[in-house]
Structures are given as structure tokens and as C-alpha cells.
Amino acid sequence: MDPDTRPRVLDGRLERQAQVKRRPGMATTLTARRLLLQRWAAGRRLLGTAAEASPVGKEAGEDAIYVGKPVSVATRDDTSVAMPMSFKTGSVVGKRFYRDATVRRADDGNGWTIMLDYRTLKTPAKRQLKLHSRTLAMAIAAEWEYQEQDGIRPFTMPLMKLACTALERVPLTRAKIINNLMQRFHQDLVFCRSPADDELTKGVYEKQKEKIDPILDWVNTEFGVKPVVYTSFLGGKQDEHLAKAVETVLKDANDRELASIDAMASAAHSLVIPLAIFRGRLGVEESIELIRLEEDHQVDKWGLVEGGHDVDIADLKVQMSSAVVFLHLSRRQ
């Protein structure tokens, strides 16, 4: 029996290769495919495409490489690599398939792109990840550079996630994002005040007066309307002029700025705090202190729960810090 027609088992699947008429370059292409498949079966990471292993001949579809399993495809060709949708949510996408992450000027001269070896990085929707800021591109390249050999971990690349959000999600859902932010604005964290006449919440009330009142004064100065504070968990209703002024800020923000504000608002349960960061009134550490003011008071009183409070603090720091870094770097050239 001709060797090319014998059944061959690879990674638990039966593959039968049909006899083909030999054409110039086909023999070397099939040899290269067998070599790559054998390396895959042996558990070794793929370093190139079939066309790279054999420079002679390149059939359509033969140069696709997968980051993980084929069901979560990260398609690659000789010039680019597009991450699968699971890149945004999965804990580990697959083994590191590149050696170096670098930055270069975009082909059209407008902006910067990230290179994984010689391939241009693309978003999950297969759009070229082109950034106008070289500094931001270098920061995202650093996230890729520091990935371990045994797997690509998306949760360690918050700047990459924000960049994809700004390029793909925000332009298509801008109105919805702003509407969702404004719906939560009236229940903002800084507008909720603990009761002053309750022994259990008196300490929190005093801290809120000390830490949050200056932010409320800033809102009054910045937007010309004094916010209303309330003690109900159901929230209250802010002045219509204040809401309109805040909405105008969101509408005037570009896609990168809106992506940053939305990410911070989601982590902080507040829109005022991200706006204060956006306008330069707050820094990262001060904002985290305001966000955790009530919970930190409880920790001081009852103690910290390991594996609970400490994890929440670390997660909040990553979410807020990465959004602030993305905001500042996106403003640079």
C-alpha cells in the first residue's frame, strides 16, 4: 500500500490522506505538514506555518495555525495573527506561539502596530490593532512579551483588552454605553451617605464627610450644580442640569477615553470618580480609597478575610490602574 493512503491516527482522530498527483512543490508541502502535525502530537509548540517549514508551494488554508484547540481558532497567515473571541474572557488561550513582541509604524504611516515575530497583531474581530500612540503600543507589546511559554493569559493583558474595546465595541455601541452610564449616575457611590444617627454607621458617615465631601464640592465647581446626597439604597434624583452636563462630557469623549471611563465606572460603581480622574482631580490611589471607604471601615473593625478582601483589593487595583494608564498613554504620541 502506498504510504500516502495508509490510515494515520493523530491526536485521537483518524486521518486518511488520498493519493494525489505529484505537482511541483506538492511533495515538500505535504512533508512539511506531516512534520508540523507530528510536532503538535508530541506536545511541542508550533513555531511557523507549513509554508514556512517548506518555502516551496502554499495551498489555500494550509498555513492556518491554532493558538489552542481548533474550535477556538486564532487564524494566522504569513503577515498577521488574529486572536480568537475567547481571548477576551478565557483564562488561558493557548501556548505562546511567538518569540518576540515588537512595535513598528503602520504600513500607511498612520499610527503604530504590534508585531508578534513577523506577524501583525489583530483584534478578535480580525481588525488590525492600529494605535495612534507609540507609547501605548509599546505598553501592549510589553504585555505580550511577558507572557509565559506555557500559555497566554488574557487577564494579564488589561491594556490589550481596553484597546480592543475602544476599537471594536465603543464605535458600535457608543450610545448604549453612555445611556447605561447615565442610568447608574443617580445611584452613584459618592451620592450615597450613611446615616449619622446610627451607632453602626456613624464611623462610615464621618469618613464620608472627610473624604467624599471634597469631591462633591469639586462637582459643584466643575459643573455648576450642587449634588444631592441621600441615605436610601434606592438612590435619589440628581438635578437635570447636572445630569445633562455629565452626559455632555461623555458624548465629547473619544472612543479611547469613553472605553477608559466605562471600565473605571464598572469597577468603581461610580461615574463621578472616573470623571474626576478624567479631569485630573483624582489619582489612582485616592480613587481606590474612596471606592473602598465603607468596606475598609468594616475591615478595620472586624478584620480582613484572606482569599476574599485581599483578592477584591488586588482586582480593583488592576482594573482601575490599567484604565488610568490606558487613558494617559492613549493621549500621548
Side-chain angles (χ1 to χ4, degrees), residues 136 139-140 142-143 153-163 165-166 177 180-181 184-194 201-223 227 229 233 235 246 249-250 253 256-332:
L136 178 59
I140 294 175
E143 289 183 333
R153 292 166 173 79
F155 60 86
T156 65
M157 294 190 283
L159 296 180
M160 175 67 184
K161 180 178 179 180
L162 285 167
T165 299
I177 293 172
N180 289 338
L181 289 172
R184 298 196 298 267
F185 173 67
H186 299 282
Q187 288 78 40
D188 198 287
L189 174 71
V190 301
F191 300 148
C192 184
R193 186 59 53 91
S194 297
T201 60
K202 185 177 180 180
V204 178
Y205 173 83
E206 292 173 351
K207 285 190 175 183
Q208 289 173 332
K209 288 283 290 183
E210 177 189 356
K211 301 292 185 179
I212 294 181
D213 276 6
I215 302 302
L216 299 179
D217 293 338
W218 171 82
V219 172
N220 188 13
T221 302
E222 190 77 6
F223 300 104
V229 296
F233 285 109
V246 169
V249 173
L250 298 177
R256 297 178 299 276
E257 292 170 341
L258 187 57
S260 299
I261 293 172
D262 185 42
M264 288 187 285
S266 177
H269 304 290
S270 168
L271 179 57
V272 174
I273 291 176
L275 289 179
I277 295 174
F278 180 67
R279 291 291 181 89
R281 172 60 179 81
L282 285 176
V284 176
E285 292 184 1
E286 190 177 1
S287 65
I288 292 176
E289 182 182 6
L290 295 179
I291 296 167
R292 290 192 49 82
L293 190 147
E294 183 174 352
E295 191 167 358
D296 283 344
H297 176 77
Q298 299 297 329
V299 169
D300 292 340
K301 187 175 182 178
W302 303 105
L304 182 142
V305 178
E306 294 185 1
H309 292 128
D310 51 349
V311 173
D312 291 342
I313 294 171
D315 182 60
L316 178 62
K317 287 181 177 180
V318 170
Q319 292 186 59
M320 293 298 295
S321 299
S322 59
V324 173
V325 169
F326 181 82
L327 176 65
H328 291 320
L329 294 184
S330 64
R331 291 172 170 174
R332 298 183 180 182

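As the structure is a computational prediction, the values presented were derived from the model and not from experiment.
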Please check if the side chain of [X] supplies one atom and the backbone of [Y] the other of a donor-acceptor pair under 3.5 Å.
X: S266; Y: A263; value: no
X: D213; Y: K211; value: no
X: S321; Y: V318; value: no

Tell me, do [X] and [Y] make a side-chain contact under 4.5 Å, heavy atoms counted?
X: V190; Y: L290; answer: no
X: W218; Y: R279; answer: yes
X: L275; Y: L250; answer: yes
X: N220; Y: L216; answer: no
X: F191; Y: H186; answer: no

Between R331 and E257, does at least one N-O distance fall below 4.0 Å, as a salt bridge requires? yes

Got a second to check how far [X]'s [atom1] is from [Y]'s [atom2], nearest 0.5 Å?
X: M157; Y: L162; atom1: CE; atom2: CG; value: 12.5 Å
X: Q187; Y: H269; atom1: CD; atom2: NE2; value: 13.5 Å
X: L189; Y: L293; atom1: CG; atom2: CG; value: 8.5 Å
X: M160; Y: L136; atom1: CE; atom2: CG; value: 11.0 Å
X: I261; Y: L271; atom1: CD1; atom2: CG; value: 7.5 Å
X: E143; Y: K161; atom1: CD; atom2: NZ; value: 12.0 Å

Quick one, I277 with M320, criterion side chain to side chain contact (heavy atoms under 4.5 Å, CB included). Give me CA distance, side-chain angles, the key distance, then yes/no. CA-CA 10 Å; I277 295 174; M320 293 298 295; 3.8 Å; yes

Let me see the working for D296 and E289 under side chain to side chain contact (heavy atoms under 4.5 Å, CB included), right down to the final yes or no. CA-CA 8 Å; D296 283 344; E289 182 182 6; 5.6 Å; no

Can you name the one residue among H297, Q208, E206 that meets side chain to side chain contact (heavy atoms under 4.5 Å, CB included) with S194? Q208

For V299, which of I313, L304, V305 qualifies under side chain to side chain contact (heavy atoms under 4.5 Å, CB included)? L304

Considering all heavy atoms, the nearest [X]-[Y] contact:
X: A323; Y: S260; result: O-OG, 3.6 Å
X: I273; Y: S287; result: CG2-CB, 3.7 Å
X: A267; Y: I291; result: O-CG2, 4.5 Å

